Amino acid sequence: MLGQIRTLFLGILLLWPLFGLWGLSGHRRELAAPAVAATLVVVGWLYTGYRRQRFPAWSWILEGACVCLVAAGSDFGITIGLCVVWVNFRSLYGRLREKILAVAVICAIMGIGVVTFGVPASVAVALFFTVLISLAVNHVLARGSSARDRSADREATLASAGGGLVASTTRGEAMDVTLGAALSLDRAASAALIFTVAGPALHVIAAAGHVGTEAAGWVTELTRLPERTRAALRPGGYVMVTGGDADAVTDVLRLPRHPVVMLAPMAAHGGVFGMLVLALVRRPSDDLSSSMTTLADEAALTLDQLLSRSRLSIVVEHSADALILAGEAGHIRFVNPAAETMLSHPAGELVGSDLWQLVHENDVSTLRDAASAFERAAPVPCRIRGHEHAGWTEVEALVEYVSEHDGSRSIVFTARDVSERHRLELELRHAQKLESVGRLAAGIAHEINTPIQFVGDNLRFLDTAFADLDRLLGAYRELVATAQGDGDIPAALSHLDSVATEIDIEFVMEEVPVAITQTLEGISRVAHIVRAMKAFGHPGTEEKSRADLNEAITNTIVVANNEIKYIADVETDLGDLPLVHCHLGDINQVVLNLVVNAAHAIGAADRGRGRIRVSTRLEEGYAVIEVADTGTGVPPEIADKLFDPFFTTKEVGTGTGQGLALVRTLVTDRHGGTIDFTSTVGVGTVFTVRLPVVGHDEPQPSSELAEASL
């Protein structure tokens, strides 16, 4: 704006000779030529200064002498208008001290007119004050326009800095833009730097302008800064220090001495991590607090975004999970190194291909349904591979639809290889089953020992009975031989009778069948326990199969019998169930943990012998298993923690808190079922397990087949 005003007055000044010089005619002819020359000198000099946008202070005297000569040539007549135009134009340049010199020059011009050329004092005084007012008005106008121009320049600088910061791709570029913009805020700006604060340490990370050679990279203590400066290290803070505080700041930051130092904090997420510092050789012409804080905020935002982007890049590049970004139609746009490794394909070949071609056809709909659900998406087990000849890799995948900045939708596909984990989990579950069997081993041995004992006793009786029958058979053989040889038959009969009496043949014949029956029953009992143990302890396979839950429950109760029989009576109410698609070993573990947990609850209640009731039923496509006990019940304050890992109400060394946590994992994660409980303190608890009859990886039967299976 000031430039436009200067151009306007210069135009008037250049037009003045066209009508102002005619006033020289008819007056002092001897001064006419010098006056014309003086006019041309003034106009030429002022035009030259206009082009250079500055005038030396002493030029007021030269210009005043020329104007005085022109005024004298017309006896201070009409050409005195040049004086007014000249003052109006020249007052738009220079500082206040030059305007004081201008007042002296104008006063001298008017004084020369009064003393030398006889200009009436009243006219000279009127002209003097008219020119003086013009000088004052235009000086104020110049100051205001200059301030407005400087404000516009600062706004343009900040806008340019904002664009440069947005375009910055590295922290170095962002800091260069920031420092350059800071130095452009005011002509008095001499040095700029950025320091960061990490705890008690202050680290100068960038510097520009008139700075010391050791400023950049300098590390010192924050406490060395003046208290007033440290107080500004808060969001929205700002401080301008002068004098001794400015010297202290420049010493701490290893800057050359500057009389004025301004500091604006750089904050992100509500915390200050650094400060922008601007050193000036004099006080600024305007208030720079708003510009400094705005620039510092823009730089802080950009540096924080670049840091977040850098961290995100590091996380993505070094993530063990496969990360794939694809368009809404499924065309892959980006893959990270983990995805390349998992799919055994370089990124160049994967980008542009179809994401859904990498996923097993039976898992695609499940992934899409999970992504479209209203609740927060959860990882879904699925299989992926890089090409059609490769083997499938078992993963847990998460698919999310996201909106990008341009409004388009994209797919974020995250996959974690769980094949090794599944193998380890299978081994762990088998080990846990064996651990359970080991815990029950003594009871199982006792269960087997009881029938083995009476089998042994019966066999020893049969051994003795067989020996006695052999003696009786020998007596019969002697009787036959005596009769055939015409011997002493009465004596043989008497011996036979004594042997029969001695072995108590009636008792032997009565007890031998009983002993044989008991022996067979004992062997059958042992075989039953062994079969139950074999079925319970079988490791199973990773693939689900259709199994009879009722049989599994029966076998598990047999295995756990010794843990239960001294505490509670077990009742079963097993309904008609179809074969359930499940991991049978997992179900064995679930039932064992629930039954043993019920027995422990009854024992803790200390109310005498309790009752455990195990029932099954079919309900809306789910096989329902209920285990009810007459134990202590679950207090409401711990109900929400019951399935948490390592949570236990037992004494230290008695329980690990893993039983019910494992039950929930096996039911929900492995089978897609649910487990819940109802409880009344002092009455008992009922655990309810619901398992889908048909798994998600098995085709659903038609309604006719489903009805037929029932």
Side-chain angles (χ1 to χ4, degrees), residues 153-166 168 170-198 201-212 215-220 222 224-226 228-242 245-246 248-256 258-281 283-284 286-307:
D153 289 341
R154 285 194 298 273
E155 290 179 2
T157 297
L158 293 176
S160 176
L165 290 171
V166 169
S168 298
T170 65
R171 296 184 69 199
E173 292 179 2
M175 288 186 288
D176 288 343
V177 171
T178 302
L179 295 178
L183 291 173
S184 301
L185 292 179
D186 194 273
R187 292 182 178 180
S190 173
L193 57 81
I194 297 173
F195 69 76
T196 58
V197 179
L202 182 154
H203 182 201
V204 179
I205 59 174
H210 186 52
V211 298
W218 174 243
V219 179
T220 185
L222 179 63
R224 294 185 57 196
L225 288 175
R228 184 183 173 194
T229 305
R230 294 200 306 272
L233 280 169
R234 56 180 176 79
Y238 167 82
V239 66
M240 182 176 73
V241 294
T242 58
D245 284 348
V249 171
T250 54
D251 287 342
V252 171
L253 301 178
R254 292 203 168 186
L255 290 172
H258 287 78
V260 180
V261 179
M262 295 186 295
L263 302 96
M266 303 174 69
H269 310 295
V272 174
F273 66 86
M275 188 167 278
L276 173 63
V277 181
L278 184 63
L280 302 95
V281 295
R283 279 187 173 271
D286 305 294
D287 182 11
L288 300 182
S289 59
S290 177
S291 300
M292 280 285 292
T293 54
T294 299
L295 181 59
D297 290 342
E298 289 179 352
L301 177 62
T302 300
L303 291 175
D304 180 65
Q305 289 176 342
L306 289 173
L307 179 61

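All values derive from a computational prediction rather than experimental measurement.
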Determine the minimum heavy-atom distance between Val211 and Ala191, stating which atoms define it.
-> CG1-CB, 3.6 Å
If every non-hydrogen atom of Tyr238 is compared with every non-hydrogen atom of Leu288, which pair is closest and at what distance?
-> OH-C, 4.3 Å
Enter the distance from Met275:CE to Leu263:CG here, rounded to the nearest 0.5 Å.
-> 5.5 Å
dist Arg228:CZ -> Asp245:CG (nearest 0.5 Å) comes out at 6.5 Å
Shortest non-hydrogen contact between Ala161 and Leu295, atoms and distance = CB-CD1, 4.0 Å
Under 4.5 Å between any side-chain heavy atoms of Val252 and Phe195, yes or no?
-> no
Val272 and Val197, any side-chain heavy atoms less than 4.5 Å apart | no
State the CG-CD distance between Leu158 and Glu155, to the nearest 0.5 angstrom.
-> 8.0 Å
Between the main-chain N or O of Ala156 and the side-chain N or O of Ser160, is there a donor-acceptor pair closer than 3.5 Å?
-> no
Could you give the distance from CE (Met262) to OG1 (Thr293), rounded to the nearest 0.5 Å?
-> 10.5 Å
Interatomic distance, His210 atom NE2 to His258 atom NE2 [nearest 0.5 angstrom] = 5.5 Å
Over all heavy atoms of both residues, which pair between Asp186 and Asp286 is shortest? Give the atoms and the distance, please.
-> OD2-N, 4.5 Å
Please lay out, stage by stage, how Leu233 and Leu222 fare under the test side chain to side chain contact (heavy atoms under 4.5 Å, CB included).
-> CA-CA 10 Å; Leu233 280 169; Leu222 179 63; 3.5 Å; yes
Intermediate values then yes/no, side chain to side chain contact (heavy atoms under 4.5 Å, CB included), Leu307 and Phe273 | CA-CA 12 Å; Leu307 179 61; Phe273 66 86; over 6 Å; no
Within a strict 4.5 Å, meaning less than it, do heavy atoms of the Val261 and Leu255 side chains meet?
-> no
Member of Arg171, His203, Met266 meeting the side chain to side chain contact (heavy atoms under 4.5 Å, CB included) criterion with Ile194 = Met266
Ser168 to Glu173 - nearest heavy-atom pair and separation | CA-OE1, 3.5 Å
For Ala189 against Leu183, the heavy-atom pair lying closest together = CB-O, 3.7 Å
pair Leu202-Leu253: side-chain heavy atoms closer than 4.5 Å | yes
Rounded to the nearest 0.5 Å, how far does CG of Leu225 lie from CG of Asp251?
-> 11.0 Å
Scan Ser289, Ser291, Pro284, Ser290 and name whichever one has a side chain to side chain contact (heavy atoms under 4.5 Å, CB included) with Asp287.
-> Ser289
